[in-house]
**Q** 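The structure follows.
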Amino acid sequence: YDTETATWHSAGSTRAQLWDSWLECGELAQEPANGPSFEVGPAVLRPDGTVFYTGSNTCGPGFPGSTAVYDSRRGRWRAGPHFPGALNIADGPAALEPNGKVLMMASPGFGPPPSTFLEWDGDDLTTIAPAPNAANDASYYGNFLVLPNGQILLTDFFFVSVYTPEAGYDPEWAPRIESAPGTVRAGGSYVISGTLFNGMSQGAAYGDDHQAATNFPLVRITNNATGHVFYSRTHHHSSMAVAYRGPVSTHFDVPRDQEPGESELVVVANGIPSAPVAVNVRSSDD
């Protein structure tokens, strides 16, 4: 969709059947009692400009879901690898790890547990260790959220667990602070500006339902003496565009219970922090 001309144009064929319509189920398509789910998996933008799109498939045992990769810079699709076994994501979560890999939760068809967790690194689809409640979960039970520290929060219908990805990220993906106040007061509101405050991606995605995007800046202030961490509420972002390298800004409200003293301030987007800047926090009574 072109916002300047208010017109739509085709982004091309995905080269693989992604939504579960039973298009390629053959004789199984004649069994309406076990019909298609009409579901689709999540799509996640990676820092290299590719979108990894996951597919669903409920044809029956032995029928895996497909994946596709979209190169947003060239406007081209290519078929990705099939899921192993009979796995697919007929609704379910995926999230971009700070290291650039895509974490996802798959299961065999739409409904039956267990779930299997996989990572996509741009070349290979790899099975990883399962979450603690994976034996009882289908893919659509799960939701991911990218936490400010780079971990991935997983919630299902019963429990909460946390995944710690392999450490490391390209410094070119990190937010950069260009202008920030040197002194702030607890309870005060301020403006901070720089680049890449919205990260390189939306962060997390889910099939065709609820989403948990985190393409907005967080402001984190850590007291040098105590090591205690406080987050400021951010609002009135000048942009929500991911992977945008032009100047942006946001407002942040320092908590009233922020500890006073010399501190470090960073901007975090999708679990990746900026380089810190020094800030002196004064109490609300000063």
**Q** Ignoring hydrogens and angles, write down the donor-acceptor pairs under 3.5 Å from the side chains of residues 143-154, residues two or more places apart or on other chains.
**A**
residue : atom : partner : partner atom : Å
Asn143  : OD1  : His210  : ND1          : 2.8
Asn149  : OD1  : Gln151  : N            : 3.0
Asn149  : ND2  : Gln151  : OE1          : 2.9
Gln151  : NE2  : Thr164  : OG1          : 2.8

**Q** Are the side chains of Phe83 and Leu118 in touch, meaning some heavy atoms are under 4.5 Å apart?
**A** yes

**Q** When you compare the side chains of Thr50 and Asp71, does any donor N or O come within less than 3.5 Å of an acceptor on the partner?
**A**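 Result is no, nothing qualifies.
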
**Q** With no hydrogens and no angle check, is any side-chain donor or acceptor of Gln17 less than 3.5 Å from a backbone partner on Trp19?
**A**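 Yes, the answer is positive, given that a donor and an acceptor are paired below the 3.5 Å cut-off.
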
**Q** Using residues 264-280 as the side-chain source, report each donor-acceptor pair under 3.5 Å to any protein atom, sequence neighbours left out, with the distance given to one decimal.
**A**
residue : atom : partner : partner atom : Å
Asn270  : OD1  : Thr214  : OG1          : 2.3
Asn270  : ND2  : Ser201  : O            : 2.8
Ser274  : OG   : Val267  : N            : 3.0

**Q** Looking at Ser107 and Pro112, what are the two nearest heavy atoms and their distance?
**A**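 Minimum heavy-atom contact is CB-O, 3.8 Å.
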
**Q** According to the ring-ring contact (aromatic ring centres under 6.0 Å, His included) rule, which pairs have a member within residues 165-201, sequence neighbours left out?
**A** Tyr190-Phe252

**Q** Quick one: side-chain contact (heavy atoms from CB on, under 4.5 Å) partners of Thr126, sequence neighbours excluded?
**A** Asp124

**Q** Using the rule side-chain hydrogen bond (donor to acceptor under 3.5 Å, both in side chains), only one of Asn57, Asp20, Asp91, Asn88 pairs with Ser37; which is it?
**A** Asp20

**Q** Between Thr234 (side chain only) and Pro217 (backbone N and O only), is there a donor and an acceptor less than 3.5 Å apart?
**A** yes

**Q** Without swapping roles, check the side chain of Thr54 against the backbone of Pro42 for a donor-acceptor pair under 3.5 Å.
**A** yes

**Q** Strictly by salt bridge (charged side-chain N to carboxylate O under 4.0 Å, His left out), give each pair with a member in residues 226-240 just once, sequence neighbours left out.
**A** Arg233-Asp253

**Q** Apart from Trp8 itself, which Ile, Leu, Val, Met, Phe, Trp or Tyr residues share its cluster (side-chain heavy atoms under 4.5 Å, direct or through members)?
**A**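 Tyr1, listed by chain and number.
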
**Q** In Å, rounded to the nearest 0.5 Å, how long is the span from CD1 of Ile128 to CE of Met104?
**A**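 Rounded to the nearest 0.5 Å, the CD1-CE separation comes to 8.5 Å.
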
**Q** With sequence neighbours excluded, what pairs up with Arg176 under the side-chain contact (heavy atoms from CB on, under 4.5 Å) test?
**A**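 Arg176 satisfies side-chain contact (heavy atoms from CB on, under 4.5 Å) with Glu172, Glu178, Thr195, Leu196, Arg245 only.
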
**Q** Any sub-3.5 Å donor-acceptor pair from Gln211's side-chain atoms to Tyr206's backbone N or O?
**A**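 Yes, the answer is positive, given that a donor and an acceptor are paired below the 3.5 Å cut-off.
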
**Q** Quick one: does any side-chain atom of Ser263 pair with a main-chain N or O of Gly261 as donor and acceptor, under 3.5 Å?
**A**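 Judged by distance alone, yes, a pair lies under 3.5 Å.
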
**Q** Sequence neighbours left out, what passes side-chain contact (heavy atoms from CB on, under 4.5 Å) with Pro114? Give chain and number order.
**A** none

**Q** For His251 and His235, take the angle between the two ring planes, folded into 0 to 90°, and tell me which bin it lands in: parallel under 30, tilted 30 to 60, perpendicular over 60.
**A** parallel

**Q** Test of understanding: with side-chain hydrogen bond (donor to acceptor under 3.5 Å, both in side chains), list the residues that count as partners of Tyr70, not counting sequence neighbours.
**A** none

**Q** Could you pull out all residues at least two apart from Ser232 that satisfy side-chain hydrogen bond (donor to acceptor under 3.5 Å, both in side chains)?
**A**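 Applying side-chain hydrogen bond (donor to acceptor under 3.5 Å, both in side chains) to Ser232 gives none.
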
**Q** Write out all pairs satisfying salt bridge (charged side-chain N to carboxylate O under 4.0 Å, His left out) with one or both partners inside residues 38-55, taking only residues at least two apart or from two chains.
**A**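 The answer is Arg46-Asp48.
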
**Q** Quick one: which of Thr222, Thr226, Asn224 gives a side-chain hydrogen bond (donor to acceptor under 3.5 Å, both in side chains) with Glu259?
**A**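 When side-chain hydrogen bond (donor to acceptor under 3.5 Å, both in side chains) is applied between Glu259 and each of Thr222, Thr226, Asn224, only Thr226 qualifies.
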
**Q** Could you list the residues that satisfy side-chain contact (heavy atoms from CB on, under 4.5 Å) with Ser239, not counting sequence neighbours?
**A** Asn198, Ala241, Tyr244, Val248

**Q** Check whether any side-chain N or O of Asn133 sits under 3.5 Å from a backbone N or O of Asn136 as a donor-acceptor pair, and report yes or no.
**A** no

